Structures are given as C-alpha cells and as structure tokens.
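Everything below concerns the one structure shown next.
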Number of protein chains: 2
Amino acid sequence: MTAASKTVSDVIHSHFGTLTRAEKQLAESLLDNYPVSGLGSITTIAENAGVSTPTVVRMVQKLGFKGYPDFQAHLHQEVEATISNPIAKHDRWASNAPGTHILNRFADAIMGNLRQTLSALDTATFDNVASLLSDRKRGLYFVGGRITGALAEYFFTHMQVIRPNTALLSSNSSSWPQYVLNMNPGDLLVIFDIRRYEQEMVSLATAARKRGAEIVVFTDQWGSPAAKLARHTFRVQIEAPSAWDSSVITLFIVEALIEAVQSSTWDETKERMKTLEGLFEQTRLFRKLS
Amino acid sequence: MTAASKTVSDVIHSHFGTLTRAEKQLAESLLDNYPVSGLGSITTIAENAGVSTPTVVRMVQKLGFKGYPDFQAHLHQEVEATISNPIAKHDRWASNAPGTHILNRFADAIMGNLRQTLSALDTATFDNVASLLSDRKRGLYFVGGRITGALAEYFFTHMQVIRPNTALLSSNSSSWPQYVLNMNPGDLLVIFDIRRYEQEMVSLATAARKRGAEIVVFTDQWGSPAAKLARHTFRVQIEAPSAWDSSVITLFIVEALIEAVQSSTWDETKERMKTLEGLFEQTRLFRKLS
DNA sequence: GTTGTCATGAAAAGAAATTTTCAGAGTGCG
DNA sequence: CGCACTCTGAAAATTTCTTTTCATGACAAC
C-alpha cells in the first residue's frame, strides 16, 4: 500500500478499524487538532495521547509509513499545503467542502449556541436539577411537545435505566390527567417547551404544581410561559441556519444531566444495568425460540 | 529581549540588520515559505539555506531563543494559530465552574466529537443522502434501537412535515415485516444503529435490500454490521465522559440533513407547512369546543 | 606585513529522539 | 483452568539531532 496521494488523515481513518486500543487512542489524539498535533517529536505526541513511544512507531508503520520521520514528513507536506493554499485555510471543518457548505454553517452555529448557552447557564441550577433527578424518592415525569417529544423520550429512556419511578407522558395531552392524578408532593415534572409554546404545557404545569410537584423546564432563550411555574429553568440557545430550531444543545444538557445523575449514584445504577442486561438477554433468547 | 508576544517572523525582521552574511542567507530561506520552512530538523533547514548547523544555532540564539528546540516550539505555535481548527480548545466553557465540572468536560468532548466526525465525513456522502431524502418519489423509512429510537423519531417528525411518503418503524421489531412488505425499489431506509448493535438491524437491512430499498446507516466509529449493506454510512464520534454514548453529534448531522432537504425543496415545503399549521389550528379549536 | 577580530563550518561531544527487544498483563478459547 | 495469543510499555540499543569546540580564512586597521 502507498500513502502517497491520500492525506495522513485519510490513511488513519481507513485503517481505524484495524487499530488496537492504544493505537486508536493515539489516532484520536492525532486527529484531534489535526494536523498540528503531529508536529512535535514522537515523545511529545506519545505523551499527549497517553501512550508509549513504541505504540507510535508501531502505528505509523502499520499505516504504511517507513517510520516516524517519514510519517512526520508527510504531515509537514500537508501543513505546507494547507498554509500555502488560502482556500483550504478557511475550510478546516469538513474537508473538501466549500466554506459555505451547510455542515460548516451548522457547525459554526452549534458552537456559538453552546458557548452562549453555557455562559448563560448557572451551574448551581444544573447541580440542583441533577440532585433532584437523583433523588429516588421523587417520581419523575417527562413531557415534550411535537418536536421536543423525542428529547423527552431520550431523557426518559436513560433515566428509566438509572432509577425506578420514572414515566414518560405522551405528547398527546389527552392522557395527561391520569399522570397528574398520580403525582405526589416532591415529584419532578420535566417539561420541554420550545418556541411555538404549547398552551397545554401551562395547564399541565399548573395542575402538577397543585399536586405539589416540582417543575423543571427546558426552553429557548425567549422562555416558555410554563417557565414561570418552574423551580428551575434551562434556557437553551436554539438558533440554526435553518427554518427549524436546533435541539442539539438541549440534548447536550440532557446528556450532561444523565451523566451527573448516574455518576452520583453509580453503585445502584450499576446493579440496575446488570439486571437490565440480563433481561435483554432473556428477551433475545425468547425471540429466537419463538 | 523576549520573543514572547511577537511572531518569529517579526523577530527575524527586527534583527535582520545585525545578522551576518550566512545568517541573512538563512533568515531569507526561513522567511521564504514561512513558517513551514522551519518545520524540519536543524540539519534540514541548514541544508536548505546552504549554511552549517552551527550558524542556525547561533542565529536563533541571537534572536533571543534558548536554542533550536525553543525556536521551533514558537514556530509550531504559530503554525497552530494559523491553521488551528475553529473549535480550538477552551479551558472553560461554563464560567464560574471549575474546568472539571461535568458541563465543561462534556463540552470539550462534544467539540472533539464534532471536529473528528466532520473531518471523517465525506461531504459527497452528505450531499448524496440529502438528495436521496429530497426525492419525493422514494418512500422513506426510519428506524432506531432502544436509545437511538428517539433520534429516528426526531428525524421522522421533521421529514414528515417536509415531504409525504414517510414512515417511522417502531423500535419493537415485531411490526417490521409489514413495513418491509410495502417497500418498493428505490425506497430509502434510514437506520440508526450505535454500539450495542442490534442483530435485528442486519436482518431488517437484508430484507429491505431484497425489496430493492437503499439503505443509509448512522453508526459509531466502529461501524454497525448493517453498514455493510448500506449505500451510505455516517460514522459519528459518540464518546463522552460518561457511561453512556453521546447522541449529540448524530443529532447535529440529522438536523443538517433536514435543513439540506428542506432548502432544496423550499417551495413545496412551504406549502405543506402552511397546510399543517391550519390543521393544527383546527385540532386545537376542536379540543376547545369539546 | 602583521595583528586582531570576526564569521564560518568541520568535527566532536552531548542530548534527544527513534527503534528494537522483551517481559508482563490481559484476553479469548478449548 | 491452562494454554496460546495479542497488546502494551519499560528499558536498552541505535540513530539522529543539537550544541559546543576549534581551526581556518577573510578582512580591516595599523
């Protein structure tokens, strides 16, 4: 095989499947901030990746280079090509995409959203919500609208594994009253309500409050009317170069919360996950037999 | 004097007058094709400039650097600054929280995932999938697993607004056969299959292929077995500082695809959205009256 | 012409980097 | 449980790079 025409990045990607654990770790470290991360000595990049220098040598040889110097020479050439070509310079996101490609515009927007959301986000709020979610004495209810229903479901699916006493309200409001009926004081209702705020969310929130439930709202920067009834509110930046709003950052916060809850109660969660694995195994078996 | 804030190029220029003949020769060689020409070893650049290695050492020390490695470190920094990714590392995303707060660690991980996913992503694949999705003659089917089901649903919900002839397969496989039965050649099956790859996805993909359907797979960097049957595959970086995988970047690509499809057929979509608005209005009215 | 100063590179010395070897850890399999 | 296998990094061996030393030659001043 020859590494001549393809970029080092391409070569790494095409070999990724055949790499071992330590080598993958190294490859990712190299691709992270590519190609600059490969500029230093073999010692430096081994340290940055948290692997040993022999691993580096083994990998570059596996990739088809003669040795580390050969590998680095290719990298230098690429750096040169990148720098001397002014178009490529503004095009570091997705390679071979015009600078205005939708992927690049989206990536820019997401980054901006993340930055703004996090700078506006109070970490105390985050920590408080995480601890409310971790409290197994509280019942958990998730609800979303037409679009955000998928986020509620995602959140619910994970929390259901982590802890008991968890429910997902369908986005169809007709079944809500029976859930509200079962809410106890201290229970937590997590509402996703973004942009075209759904009027019914306010009614739901009001009813839940009457039953003594705490409310957490995920909304956009303008704020759902339901946020007024909430104990904690996440205001997420949702703008995208699109006719639609972006849910990426909302999902980001959801995932961070999932991890926060999980790590705070890891021992219990571990047990549950094991049990769950076993159940899945049984189901699979059951299907095979049938 | 310190070389800290100024660029190496500036330093060379400001010292140019005090340089000797051989040093000037070297300086010019370095400035020519700056800063890439300084990337190699001292031997290499001495040869390129036609001077001896001691000359190089003497000059860089005269410029205020500790030695050649110090000089080169500065150069590397400059190269990095020149071509660094738009998403360079942040030490802290969320202010007033330590860099080790879960939000900050997650933000770092997500940005790394985004960077790597985009660098591995072929924009031709993206464009091709977008145009397949835009083709209203093709039926569209979406399916996800236990966790990724929410992503499939999100994708489906949007595409259903944009175009007709769209279906969501439940994550429960028992109902799949009837969908496969209805697939026509050229129809598109979008599969989300990440990490704990579900065996049934391969069966589904095989059955769909037999019916002449095209397959698009969203998977992780290791690749779902279903990807082998796919016309197009998105390999998404899903790692997070968490016991769970992150779906953030997958959602990112989904949203970008939604926008790509929508903008390519905006006129038709606009009409559909208006109609849909009207229908929602009626439903709401209906509920209020009842 | 002599002398001193400086620039320069060859070569040696010293310091790093790169590669190889090898043993222990881990993993899968019978 | 033991065997075979692979992966991995510590450490040694090797190579390469960097720095220092020093001899030579150019040039200017006297």
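Every chain is numbered from 1 and lettered A, B, ... according to where its sequence line falls, protein lines coming before strand lines. Computed from a prediction, not measured in an experiment: that's the story for all the values here.
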Checklist outcome for this item: Contact check, residues 43-50 of chain A vs DNA chain C, heavy-atom distance under 4.0 Å, returns T43(A)
Rounded distance (Å) that lies between atom [atom2] of [N] and atom [atom1] of [X]:
{"X": "F65(B)", "N": "dT18(D)", "atom1": "CZ", "atom2": "C1'", "value": "16 Å"}
{"X": "Q72(B)", "N": "dT18(D)", "atom1": "CD", "atom2": "P", "value": "7 Å"}
{"X": "F71(B)", "N": "dT18(D)", "atom1": "CZ", "atom2": "P", "value": "11 Å"}

Item to check | Side-chain donor-acceptor pair present, Q237(B), T117(B), cut-off under 3.5 Å | outcome: no
Item to check | T20(A)-E23(A) side chain donor-acceptor pair, cut-off 3.5 Å | outcome: yes
Item to check | With S170(B) via side-chain contact (heavy atoms from CB on, under 4.5 Å) - residues at least two apart | outcome: N172(B), S175(B)
Pairs under 3.5 angstrom, nitrogen or oxygen only, protein versus nucleotides 19-25 of chain D, please.
from    : atom 1 : to     : atom 2 : distance (Å)
dT19(D) : OP1    : Y68(B) : N      : 3.1
dT19(D) : OP2    : Y68(B) : N      : 3.1

Checklist entry - Nucleotide range of DNA chain C contacted by chain B, 5' to 3', under 4.0 Å to a heavy atom? => result dA7(C) to dA11(C)
Name each donor-acceptor pair under 3.5 Å that joins a side chain in residues 43-61 of chain A to protein atoms two or more places apart or in another chain, with its distance.
from   : atom 1 : to     : atom 2 : distance (Å)
T44(A) : OG1    : S41(A) : OG     : 2.9
S52(A) : OG     : T55(A) : OG1    : 3.1

Next on the checklist: Could you report the tightest heavy-atom contact between A208(B) and I215(B), atom names first, then the distance?
Outcome noted: CB-CD1, 4.4 Å
Checklist entry - For Y68(A) and G38(A), which heavy atoms make the closest approach, and how far apart are they? => result OH-O, 3.7 Å
Checklist outcome for this item: With I253(B) as partner, the option from L251(B), L257(B), T250(B) fulfilling side chain to side chain contact (heavy atoms under 4.5 Å, CB included) is L257(B)
Checklist outcome for this item: Which of L204(B), T148(B), V190(B) passes side chain to side chain contact (heavy atoms under 4.5 Å, CB included) with V143(B)? Answer is L204(B)
Item to check | Contacts of type ring-ring contact (aromatic ring centres under 6.0 Å, His included), residue F156(A), not counting sequence neighbours | outcome: none
Checklist entry - Aromatic ring centroids of F126(A) and H101(B) under 6.0 Å? => result yes
